[in-house]
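Some notes on the structure that comes next.
Just so you know, these numbers use all the heavy atoms, side chains as well, and skip hydrogens, waters and symmetry mates. Numbers restart at 1 for each chain; the letters A, B, ... are given by sequence-line order, proteins then strands.
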Amino acid sequence: MPNNPDLPKAYEPQNCEDSIYAAWENSGFFNPDNLPGDRTEVFSVMMPPPNVTGVLHLGHAFENSLMDAMVRYQRLRGKKVLLVPGTDHAAIATQAKVEKMLIKEGMADPRKELGREGLLEKIREFSEQSKTTILNQIRKVGTSCDWSRLAYTFDNDRNLAVRTLFVKMYEDGLIYRGFRVVNWSVKGQSTCSDDEIVTIERTAKFYTFKYSQDFPIVIATTRPETKLGDSAVAVHPSDSRYQKFIGQEFMVDIGAANPLKIKIIADENVDPNFGTGALGVTPAHSAIDFAMYEKQKAKGEPIALIPVIGQDGKMTAEAGKEYEGLTCEVAREKFIDWLRRNNLLLNEEEITQNVGTSDRYGDIIEAIPMTQWWLDVNKVIPGRGKTLRELMREAVTIGLDGDAKQKVSITPERFTKLYLDRVENLRDWCLSRQLWWGHRIPAWYRPLTPNPSPVEATGEGEVYVGVEAPQGEGWTQDSDTLDTWFSSGSWTFSTLGWPNKTKDLEDFHPTNWMQMGYEILYLWLMRMILMSTYALRKIPFKDVYIHGILRDADGKKFSKSSGNGIDPLDVIKEYGTDALRLSLLTGITPGNDARFYPEKVESAKNFVNKLWNISRYIITGVSQVSVVQKPEAKTLADEWIIGRLSKITKQTEELIERFDFSLANEKLRDFTWFDFADWYLEISKIQKRDEALKENTDKILFFVLETILKLWHPFTPFVTEEIWKNFGSKKMLIVEDWPMMVVEKQDNTEFERLKEIIEKIRNWRAENKVEPKEKINLTLIVGEYFEIFKDEINLEIIKTLARIENLTLEENHDGGFSYQFNVDRQIDTEKEHARLSAEIENLEKYISSLETKLTNQEFTSKAPAQVVEGLKQKHDEAAKKAEALKQQMENL
RNA sequence: GGGCGCAUAGCUCAGUUGGUUAGAGCGUCACAUUGACAUUGUGAAGGUCAGAGGUUCGAAUCCUCUUGCGCCCACCA
């Protein structure tokens, strides 16, 4: 073992991180195909691709820490590990962002001014730039992902997957074009899915009115301007007030607007107790009303559908000449004014209501009838006998097709219920967007007549859906693009080469583990399960770990608008990557939000430095040690530390396997700092004074260090690898073997006694203000554990660590365990008396509480024997201790 | 309207299927330290586990209710 006295006094992450990462990358070990040894078991993870909308934030660093810890652990366990990195073109998010930037730079309407190709070019430029930044950031946080398999949701391979999937679904009849009310963002000039809507609360005026004086039913609304498109009034079928009108039709003249033909219809969904118990039906501008319209059509008693609001958010010609072109607000005032003048407005009041807004453009979503592409979740899939909804349900309950091995398990479990609730209420998914940045819908149209009416509006003409463009003249591709989640839904397998039958796909899918924040449970988790179970008949992953949101020190969300953003690279610069990673993985629990603050990183940095110095001490202090296969315990302390090490190895394993990264960290930290550094390292200094123990002590130090470096590596990869360099090992730590040592005796009560004595003496010294410099004499009276104190080295340990000059050992033949202090100096006997009696009192309270339990028949008969026995032991020990303390008090 | 989460030391949080005198980090106080450690070590103080009831031999942990905070969902026009 080479001595290295040149190790710097403090760990300097800035000096080694980049070169270590480069060394890992050059080794090829990020790629499972290059991993050394005979690895059969696979462990694969797909990185949730960050949006190419800018730079990574702490949340990404957090996710990378989670993934990398998991993946490094599995690699050390000898698995064939794959972590695929990637980025997401994030259709709407990126386009919205770039448009916003262009507008800020002075452009009034980027789409108009630049045109499709021009704008796309700008977005491409921007996204490529942020992609570069992001990939660099992923490297900086140390993520051990396979760069040779780097993927992008918008590259050619992924595009092929998207087109293939779309066509397959179309051919199975799951994807269809349908005319219905959609969520429309006027600002974004595009549809969006139900999942992309953020509801906000606002106040609105609630108007109660009649269409005309002789119209028999009063209705109410917060959107009077939409009433210009009403074609029915719905009432509950059993509402006695209105029953007599059901089926009747009324012509109403509403001033400057077009006259309306209103039919009174019955519908179960109308709540007779809300408002007037009657609902003005506007099929064109309300999803519920549209459903009634469809129902009426099916019944053969159709009502009209009158779109009065256009895609530009303004009133249409169908609203009437005087209304055409007005904004909704102006039209509303105009109509209310008319109602008022005609004595038709009966009431107006302020209410709070929830409205949907676009999550990217921020404007209020309008309901507008349009023809769009949809995914049917309720249609039976040919050859499968079940619907997409059923697949999604099975995947998390009984396992896909009833195969328990094809089951996604969600951590923490409570999210399973949320998922299932959502699956039950799932509606058809609107796939098409009128955005430009995204996968173009693989559909082409050809008009039947030379001068056709618009195909979209009427559905006239030929439609071709295929992976490639159709042959022949006159075809135009659909100008719409696909919802961004359509491509991310296929991420777990499109990254592995699907639709081609690749070896990767065979080897690595289903993937083993996925982590994501709960905020994309609906958006992403559900869609990945949908896509994978449909296209591959396999679940996308076996385990999904749901984490919370990272918040600032005050519990606020990190966001650009509140200006509390933290750049992970800044943190890395100041504290080092390991410290950042450690701080992100500490104090977290699955599914719950966590706070991030500098003190946390600070303490993580201190720990990393501690680990460094532990290593520095051992490495520079060791004369000659060869790699230790199996350490041999020669002293009680040796036996103890080996037992503890063995236990902590097993615990770390178990905790990572159940995704409890935080606790694994904490336990490891306690062991490293307290057991190893504070106790064993100090003891080793004493042991090494003894020539007979010196070499073996070094071996043990070395063995423990080697082991904890492996245990720490998943969490703090850089510092551990840097230390590892000094070991003269041919292998890099990243591909070392996980420690397998297990010793029988993991809990060592004898050593705990030794510790206890030292702690008691220290405590006593502090209370009696005995300077550390001052040596004292001690008489130790022991029964039960007498043997261990006969050992010279143990006495030496007590003497050194507790600063004892003369130590006298006496055996207490009554058994038990006690110790007395005999000091050659004046001490405050009164104070000592008080101290002892307080301790005795405390003990006696404890003893009596134990006695109450132990004499309780109910307890002794009903509690498990193990528990009773345990308490009995505690009781006896406490009693003996109390006895000894009393003795000590008498001797005062 | 439905659902979920959280409430434990001054602060941030642990506490596995109910079983010792409820833990850690940071902070606070005292002492010691340039001997592996920009620090670290040693010791200490600090909690009626939000409240009320219940189940149990035994509850921070399970059940019911209440209060406060946060989040999600929903077609109250």
Side-chain angles (χ1 to χ4, degrees), chain A residues 7 9-11 199 206 219-223 226 234 269-271 273-282 286-292 351 353-354 412 414-415 417-418 421-422 425 518-519 521-522 548-549 553 555 586-589 591-597 599-600 602-607 609-621 654-655 658 660 662-663 666-667 669-670 677-678 681-682 685 758-759 762-767 769-773 801 842-843 845-847 849-850 853 856-864 866-868 870-871 873-875 877-878:
Chain A
L7 287 179
K9 281 183 77 134
Y11 173 56
T199 43
F206 189 52
I219 58 165
T221 182
T222 55
R223 295 289 306 271
T226 65
N269 294 322
V270 178
D271 177 0
N273 298 316
F274 183 82
T276 61
L279 160 67
V281 181
T282 322
S286 153
I288 328 140
D289 297 5
F290 184 81
M292 292 181 190
I351 59 159
Q353 63 165 183
N354 291 329
R414 65 186 146 94
F415 287 106
K417 201 176 163 294
L418 273 184
D421 282 353
R422 183 65 165 216
N425 296 311
Y518 59 73
E519 75 277 10
L521 193 76
Y522 299 146
I549 296 170
T586 318
I588 57 160
T589 39
N592 294 328
D593 294 352
R595 297 186 193 202
F596 181 88
Y597 40 96
E599 290 87 344
K600 226 169 158 179
E602 185 89 36
S603 94
K605 189 193 83 172
N606 288 346
F607 174 75
N609 192 50
K610 183 82 185 176
L611 187 59
W612 174 262
N613 272 289
I614 290 169
S615 313
R616 185 168 114 97
Y617 167 73
I618 294 172
I619 290 165
T620 54
E654 284 166 1
L655 290 169
R658 61 166 212 245
D660 196 339
S662 189
L663 199 55
E666 214 176 297
K667 294 265 177 210
R669 182 193 146 96
D670 286 354
D678 290 348
L681 233 59
E682 292 308 317
K685 292 174 185 171
I758 294 166
E759 279 164 352
R762 283 169 172 172
N763 174 305
W764 179 88
R765 293 182 72 118
E767 292 208 346
K769 304 256 186 267
V770 179
E771 298 266 307
K773 278 181 209 130
L801 296 184
N842 188 26
L843 261 176
K845 246 192 257 166
Y846 176 47
I847 291 166
S849 86
L850 286 176
K853 271 184 199 166
N856 185 346
Q857 272 290 326
E858 296 253 49
F859 172 69
T860 48
S861 61
K862 286 183 184 169
Q866 213 183 340
V867 173
V868 178
L871 284 192
Q873 267 182 31
K874 301 283 164 197
H875 174 268
E877 262 169 44

When the [atom1] atoms of [N] and [M] are considered, how many whole Å apart are they?
N     : M     : atom1 : value
B/U16 : B/G23 : C1'   : 14 Å
B/U48 : B/G3  : P     : 33 Å
B/A22 : B/A59 : P     : 13 Å

**Item:** Nearest-nucleotide 5' precedence on RNA chain B, A/Y522 against A/N763
**Value:**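 Final value for this comparison: A/N763.
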**Message:** Between A/K600 and A/R762, which residue's closest nucleotide on RNA chain B lies nearer the 5′ terminus?
**Reply:**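 It is A/K600, whose closest nucleotide lies nearer the 5' terminus.
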**Message:** Can you confirm whether more than 12 heavy atoms, excluding those of A/K685, are under 6.0 Å from its NZ atom?
**Reply:**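 Counting other residues, nucleotides and ligands, NZ of A/K685 exceeds 12 neighbours.
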**Request:** Check whether any side-chain nitrogen or oxygen of A/N273 sits under 4.0 Å from OP1 or OP2 of B/C76, and answer yes or no.
**Result:**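 Checking A/N273 against B/C76: no side-chain N or O falls below 4.0 Å of OP1 or OP2.
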**Prompt:** Side-chain N or O of A/R595 less than 4.0 angstrom from OP1 or OP2 on B/C13?
**Reply:**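 Yes.
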Restricting to side-chain contact (heavy atoms from CB on, under 4.5 Å), what partner residues turn up for [X], sequence neighbours left out?
X      : value
A/S603 : none
A/R595 : A/Y597
A/N613 : A/N609, A/R616

Nearest 0.5 angstrom please: [X] [atom1] to [Y] [atom2], how far?
X      : Y      : atom1 : atom2 : value
A/D593 : A/Y518 : CG    : OH    : 3.5 Å
A/E654 : A/L663 : CD    : CG    : 11.0 Å
A/L279 : A/D271 : CG    : CG    : 10.5 Å
A/I288 : A/N269 : CD1   : CG    : 8.5 Å

Give the rounded distance in Å between these two atoms: [atom1] of [X] and [atom2] of [N].
X      : N     : atom1 : atom2 : answer
A/K667 : B/G23 : NZ    : P     : 12 Å
A/L279 : B/A77 : CG    : P     : 10 Å
A/F596 : B/C11 : CZ    : C1'   : 17 Å
A/E858 : B/U56 : CD    : P     : 10 Å
A/Q857 : B/C57 : CD    : C1'   : 11 Å
A/I614 : B/A36 : CD1   : C1'   : 9 Å
A/E666 : B/A14 : CD    : C1'   : 6 Å
A/N354 : B/C72 : CG    : C1'   : 12 Å

**Request:** Sugar-phosphate atoms are those with a prime plus P, OP1 and OP2; base atoms are the rest. Using that split, label each nucleotide of nucleotides 15-22 of chain B B, S or - for protein heavy atoms under 4.0 Å, 5' to 3'.
**Result:** -B--BBB-
Sequence neighbours left out, what passes salt bridge (Lys or Arg N to Asp or Glu O under 4.0 Å) with [X]? Give chain and number order.
X      : answer
A/E602 : none
A/R414 : none
A/K417 : A/D421

**Asked** What nucleotide among B/A77, B/C37, B/A44 has an atom nearest to a side-chain atom of A/N613?
**Response**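 Comparing B/A77, B/C37, B/A44 against the side chain of A/N613, the answer is B/C37.
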**Request:** Ignoring the backbone of A/R422, work out which of B/U12, B/C73, B/C57 is nearest its side chain.
**Result:**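 Between B/U12, B/C73, B/C57, the one nearest the side chain of A/R422 would be B/C73.
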**Request:** For A/A594 and A/G587, work out which heavy atoms get closest and say how close.
**Result:**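 In this case the closest contact between A/A594 and A/G587 is CB-O, 4.3 Å.
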Strictly under 3.5 Å: I want the nitrogen or oxygen pairs between protein and nucleotides 3-5 of chain B, one per line.
none

Name the pairs: protein N/O against N/O of nucleotides 25-35 of chain B, kept only if under 3.5 Å.
none

**Request:** Only counting residues at least two apart or in another chain, list the ones meeting ring-ring contact (aromatic ring centres under 6.0 Å, His included) with A/F290.
**Result:**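 A/Y293.
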For a quick check of understanding: with a heavy-atom distance under 4.0 Å over all strands, which category does [X] fall into, base, sugar-phosphate or nothing?
X      : result
A/E682 : base
A/D271 : base
A/Y518 : nothing

**Request:** Can you tell me which stems involve RNA chain B, if a stem is defined as three or more consecutive Watson-Crick or G-U wobble pairs, both distances under 3.5 Å?
**Result:**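 Stems found: B:1-7 with B:67-73, B:10-13 with B:23-26, B:28-32 with B:40-44, B:50-54 with B:62-66.
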**Residues that A/T589 engages under side chain to side chain donor-acceptor pair (under 3.5 Å), provided they are two or more places apart** =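 A/T589: side chain to side chain donor-acceptor pair (under 3.5 Å) contacts with A/N592.
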**Request:** Please confirm whether A/K874 makes a cation-pi placement over A/Y846, using NZ or CZ under 6.0 Å from the six-membered ring centre and within 45° of the ring normal.
**Result:**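 The answer is no; the distance or angle limit is not met.
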